[in-house]
Amino acid sequence: MTIKKILIVAGTHGNEINPIWAFNQLKKEQNNFDKDIEYKYIIGNPLAYEKGSRYIDSDLNRSFNSNNQNINNNKNNYEINRANFLVQRYGINGEDPCQIAIDLHTTTSNMGTSIVIYGRRIKDFCLASLLQNKFGLPIYLHEQDKRQTGFLVEAWPCGLVLEIGPVAQNYYDSKIINRFLIIISSLREEINKLKNNLIALPKTLIVHVHQGSIDYPRTKNGDINGLIHPERMNKDWKLTKKGDPLFLDIEGNTLRYLGQDIIWPVFIGEVAYKEKNIAMSFTKKEVICSSNEWVDQFFKS
Ligand SMILES: [Zn+2]
């Protein structure tokens with residue numbers, strides 16, 4: 001893959017405003033790292049950003065499913081039209097083609113700075129391993145969940161999400177903005193170094209593989225009937241085993257994790273996932289060995 005342009009998207013969710021601030025700052029800077037690679041900075045969902053809402057009609061970051069049968073039935077859906085526009089314009093076969101997409105998000109969960117990749121694409125592994133190597137960032141590998149599909153970066157041959165939190169929606173936080181600035185600047189640097197054979201990939205990549213999500217406990221009427229347990233709050237990426245508390249219901253009962261496998265929960269209590277009936281997602285740790293082919297594929301094929 002000859003990398004000529006890299007698309008940096010912020011505001012795919014209109015109420016995640018810190019990455020937009022960060023990229024507006026970056027846009028002003030010259031790209032001193034690599035004159036051969038152009039970086040394009042685009043607001044994913046400008047109308048939702050203007051209104052301070054996550055989306056207008058539906059979640060833009062679930063609207064990039066080319067197999068989505070509903071696309072033709074949704075001519076008036078703003079996000080479906082916006083997704084189609086972004087792919088037609090900046091997709092690999094678009095008018096202004098970008099080979100890589102980086103999608104910047106924030107979360108209300110205590111995830112710290114993390115990377116999300118979708119499925120097991122070698123080019124994504126290559127890119128993610130550069131950042132894990134430099135900063136030790138955790139990687140959430142999202143795969144095989146039919147309830148959650150159509151993510152933006154999947155519409156490009158290579159791409160990842162940078163997810164940083166905790167921060168409230170529509171709230172500017174300079175610490176969060178700084179983290180985006182550091183990571184994006186480093187990403188540009190690392191890609192340039194890799195291209196010029198100045199760095200090697202780490203031998204292994206540690207990923208947290210998506211196993212599924214669980215909902216809050218609910219009453220028969222569907223109302224939420226349990227809080228994230230005080231011992232589980234803010235414990236994203238922390239090992240959880242059978243018997244550990246997950247929720248505290250309105251009667252004061254503790255609901256515990258009953259699975260046999262050790263898991264690492266993420267997106268604990270994420271505000272935006274309430275509407276998706278997700279209280280947290282479970283992951284399992286996996287070590288993937290890197291290979292020189294990753295770099296070959298990244299730049300050559
Ligand atoms: Zn988001």
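Ion pairing between a basic and an acidic side chain is recognised when a charged N comes within 4.0 Å of a carboxylate O; K193 and E190 show such pairing. Ion pairing of K284 with E286 is absent here, as no side-chain N (NZ or NE/NH1/NH2) approaches a carboxylate O to less than 4.0 Å.
Side-chain contact check for I8 versus I184: some heavy-atom pair is nearer than 4.5 Å. Side-chain atoms of L162 and L131, non-hydrogen and from C-beta on, do get closer than 4.5 Å to each other. Looking at S53 and N15, their side chains never come closer than 4.5 Å, going by heavy atoms from C-beta outward. For the pair F299/V295, a side-chain contact is recorded, criterion being any heavy-atom separation below 4.5 Å from C-beta on. The side-chain heavy atoms of I6 and I191, taken from C-beta on, include a pair separated by under 4.5 Å. Side-chain contact between K276 and D59 is present, with at least one heavy-atom pair separated by less than 4.5 Å. Within the 4.5 Å cutoff, the side chain of Q297 has no heavy atoms near those of the C126 side chain. When side chains are defined from C-beta on, V9 does not count as touching Y90, because their heavy atoms never get closer than 4.5 Å.
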- Task: Check the pair H210 / V116 against side-chain contact (heavy atoms from CB on, under 4.5 Å), numbers first and verdict last.
- Result: CA-CA 10 Å; H210 179 74; V116 189; over 6 Å; no

- Go through the steps to decide whether L160 and V153 satisfy the test side-chain contact (heavy atoms from CB on, under 4.5 Å), and finish with yes or no. CA-CA 6 Å; L160 51 79; V153 299; 5.7 Å; no

- Start with the C-alpha distance between L141 and T283, add both sets of side-chain angles, then the distance that settles side-chain contact (heavy atoms from CB on, under 4.5 Å), and finish with yes or no. CA-CA 8 Å; L141 197 169; T283 71; over 6 Å; no

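Defined by atom type and a distance below 3.5 Å, a donor-acceptor pair is missing between the side-chain atoms of E163 and T107. Judged by distance alone, the side chains of T106 and N18 never bring a donor and an acceptor atom under 3.5 Å apart.
In this pair, F125 and W294 present their aromatic rings tilted. The plane angle is within the 30 to 60° band. Relative ring orientation between W237 and Y140 is described as perpendicular, the plane-to-plane angle rising above 60° on a 0-90° scale split at 30° and 60°. Note: F64 and W156 have tilted aromatic rings, judged against thresholds of 30 and 60 degrees for the angle between ring planes.
Side-chain N or O atoms of N253 include none that pairs as donor or acceptor with a backbone N or O of D249 at under 3.5 Å. Proximity of a side-chain donor or acceptor of N192 to a complementary backbone N or O of R188 within less than 3.5 Å is not detected.
Cluster annotation: F247 and V266 are assigned to distinct hydrophobic clusters (Ile/Leu/Val/Met/Phe/Trp/Tyr, side-chain heavy-atom contacts under 4.5 Å, transitive). A single hydrophobic cluster is seen to contain both F135 and L130, as judged by linkage of ILVMFWY side chains at heavy-atom distances under 4.5 Å, directly or through other members. When hydrophobic clusters are built by joining Ile, Leu, Val, Met, Phe, Trp and Tyr residues whose side-chain heavy atoms come closer than 4.5 Å, directly or via intermediates, I115 is grouped together with L181. Residues I92 and I3 do not share a hydrophobic cluster, defined by chaining ILVMFWY side chains whose heavy atoms lie under 4.5 Å apart.
For the atom pair I164 CD1 and D173 CG, the distance stands at 10.5 Å (nearest 0.5 Å). Here the CD atom belonging to E95 is positioned 7.0 Å from the CD atom belonging to Q88, to the nearest 0.5 angstrom. The CD atom of E79 sits 8.0 Å away from atom CG of L47, with the distance rounded to the nearest 0.5 Å. Here the NE2-CG distance, from H229 to L248, works out to 5.0 Å after rounding to the nearest 0.5 Å. Separating the OG atom in S281 from the CG atom in D236 is a distance of 10.0 Å, to the nearest 0.5 Å. In this structure, S290 OG and I122 CD1 are separated by 11.0 Å, a value rounded to the nearest 0.5 Å.
For the side chain to side chain contact (heavy atoms under 4.5 Å, CB included) test with L152, the passing option among V87, V161, N61, I102 is N61; the others fail. Considering F23, W21, F180 as possible partners of Y41, the one that fulfils the ring pair (Phe, Tyr, Trp, His ring centres under 6.0 Å) test is F23.
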